[in-house]
Amino acid sequence: MNRIKKVPVKKIGVIERYQEFLPVSDRTPIISLNEGNTPLILSEALPSVLGLKGLKIYFKFEGLNPTGSFKDRGMTMAVSKALEEGATSVMCASTGNTSASAAAFASRCGMKCYVLIPEGKIAKGKLLQAFRYGAKVVVVKGNFDDALELVKKITATHPIQIVNSVNPYRIEGQKTAAFEICDDLGDAPDYHAIPVGNAGNITAYWRGYREYKEKGHSDTLPKMLGFQAAGAAPIVLNRVVKNPETIATAIRIGNPASWASALKARDESGGLIESVTDDEIRWAYRFLAEREGIFAEPASAAAVAGVVNLAKRNYFKKGSRIACTLTGSGLKDPEFALSFDDRIESVEPSIDAVLKVIGTVPPARTKKSSVR
Ligand code: F0G
């Protein structure tokens, strides 16, 4: 019998792994939680559901980062550089994930962390993370855009480092996800689908893909496909949205900071930025969990919803490879997860009672039949 060999695994984060591509030096203290190195998971069910079996759809599951979202890639850079430059505190506005990540990395190096979040519109898990990592949480009676304006103004006049994605080190760190995808696939995918909120991540991926190609690590570039929620789609509508609304609270943003560079990513790559409805997001969210075994948060599902829409319009060339970033973990938003009509049934501890509730059990598989 073959035994699986134990291999020594050196746990390192994105700065050590990709330092030649990042603005760091021997003097940079590396504040890391071994972020990155997230799995690229081949879709089992989506191509056949779409009737496009030749498509290869890969999910880059960023929910498996240390704080459960892609923000850790940028935050290891932003906090390391803040420390190098002598900062003792950091601040961000956030729809939740940035605040969780900022709080974690700040706690790791003894920095103070201040987070400004929009009232009532942040997933419970993210709020709890900010508290437990020891951040000072301020609830702003307004939306994310209002909170970001405040953070920009406060950090301009106080000795506090801003760690929103207007901090260039955030984008630098986040571009490493594109490197990992190229490393895994052996080249860039044909398309890259991604949810768009403040538009930092689409900017970061496009930079990553371009740099990797320039340095000879990949031969091609993907078309960038960005997806906003229909109620919070300023880039699609080409105007600021004053009162953005969507179930995907992470991307409930009406005036993205990286608007211009998102347009550049779209146009230089020959891609597109479209909107998806909340119902389409809900469908994709459930599909990911119930058919792919991947529990991602609603904003992440926006990218999948967008891919579904495009596939229905025959947008993709036959046999294409599509990478799809699933930005955060579904565990962050238990309230949304519980908003469907699931029934919890309590029964007496008897076999009959349990069998009655579970109903008809599917027959056992014969040796010949496939798993699906
Ligand atoms: N998906 C998730 C889960 C997010 O948390 C965010 C952004 C995005 C997608 C969009 O990424 O802003 O780079 O276009 N969350 C920010 C936050 C705004 O405060 O956590 P983006």
Side-chain angles (χ1 to χ4, degrees), residues 60-65 67-75 78 91-104 115-118 121-123 125-127 129-130 135 137 140 143-148 151 162-167 170-171 173-175 177 193-208 224-229 232-235 244 246-263 265-266 273 276 281 284-285 288 295-306 324-333 336:
K60 179 69 172 161
F61 191 25
E62 291 289 275
L64 292 179
N65 272 298
T67 77
S69 87
F70 70 96
K71 304 287 181 179
D72 294 342
R73 295 178 184 275
M75 211 51 79
M91 183 184 256
C92 64
S94 183
T95 56
N97 281 324
T98 299
S99 56
S101 188
V115 304
L116 270 60
I117 55 169
K121 298 289 181 180
I122 143 166
K126 302 175 188 178
L127 182 61
Q129 284 180 292
V137 177
V140 175
N143 58 34
F144 169 83
D145 306 290
D146 302 320
L148 182 56
V151 169
I162 186 169
V163 290
N164 279 104
S165 57
V166 294
N167 176 326
R170 281 277 313 279
I171 306 285
Q174 282 174 211
K175 75 186 180 188
I194 187 166
V196 174
N198 213 23
N201 215 22
I202 190 171
T203 302
Y205 270 89
W206 181 235
R207 185 182 297 175
M224 298 301 297
L225 312 174
F227 298 99
Q228 301 197 292
I235 298 178
T246 167
I247 51 158
T249 53
I251 51 172
R252 186 175 163 271
I253 293 174
N255 188 12
S258 299
W259 192 322
S261 51
L263 291 179
R266 180 194 70 184
I273 298 180
V276 289
I281 293 174
Y285 170 87
L288 279 170
F295 193 20
E297 66 172 284
S300 310
V304 178
C324 193
T325 304
L326 303 181
T327 43
S329 165
L331 289 170
K332 286 177 175 266
D333 199 343
F336 184 81

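Order of appearance sets the numbers: ligands from 1, and atoms from 1 within every ligand.
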Atom 5 (O) of ligand 1 sits nearest the protein heavy atom Asn97 ND2, 2.8 Å
Do Asn198 side-chain atoms and Gly200 backbone N/O form a donor-acceptor pair below 3.5 Å?
no
heavy-atom search around atom 8 (C) of ligand 1 in the protein gives Ile251 CG2, 3.6 Å
heavy-atom search around atom 20 (O) of ligand 1 in the protein gives Thr98 N, 2.8 Å
Residue, atom and distance of the protein heavy atom nearest atom 4 (C) of ligand 1 read Ala250 CB, 3.5 Å
among protein heavy atoms, the one nearest atom 11 (O) of ligand 1 is Phe70 CZ, 3.5 Å
Query - Sidechain-backbone polar pair: Arg170 side chain, Val163 backbone, donor-acceptor under 3.5 Å - result: yes
task: Please check if the side chain of Ser101 supplies one atom and the backbone of Asn97 the other of a donor-acceptor pair under 3.5 Å.
output: no
Closest to atom 1 (N) of ligand 1 among protein heavy atoms sits Thr327 OG1, 2.7 Å
Would you kindly say whether Thr327 and Ser69 are connected by a side-chain donor-acceptor distance under 3.5 Å? no
protein heavy-atom neighbour closest to atom 7 (C) of ligand 1 works out as Lys71 NZ, 3.0 Å
Atom 12 (O) of ligand 1: closest protein heavy atom, distance to 0.1 Å, is Asn198 N, 2.7 Å
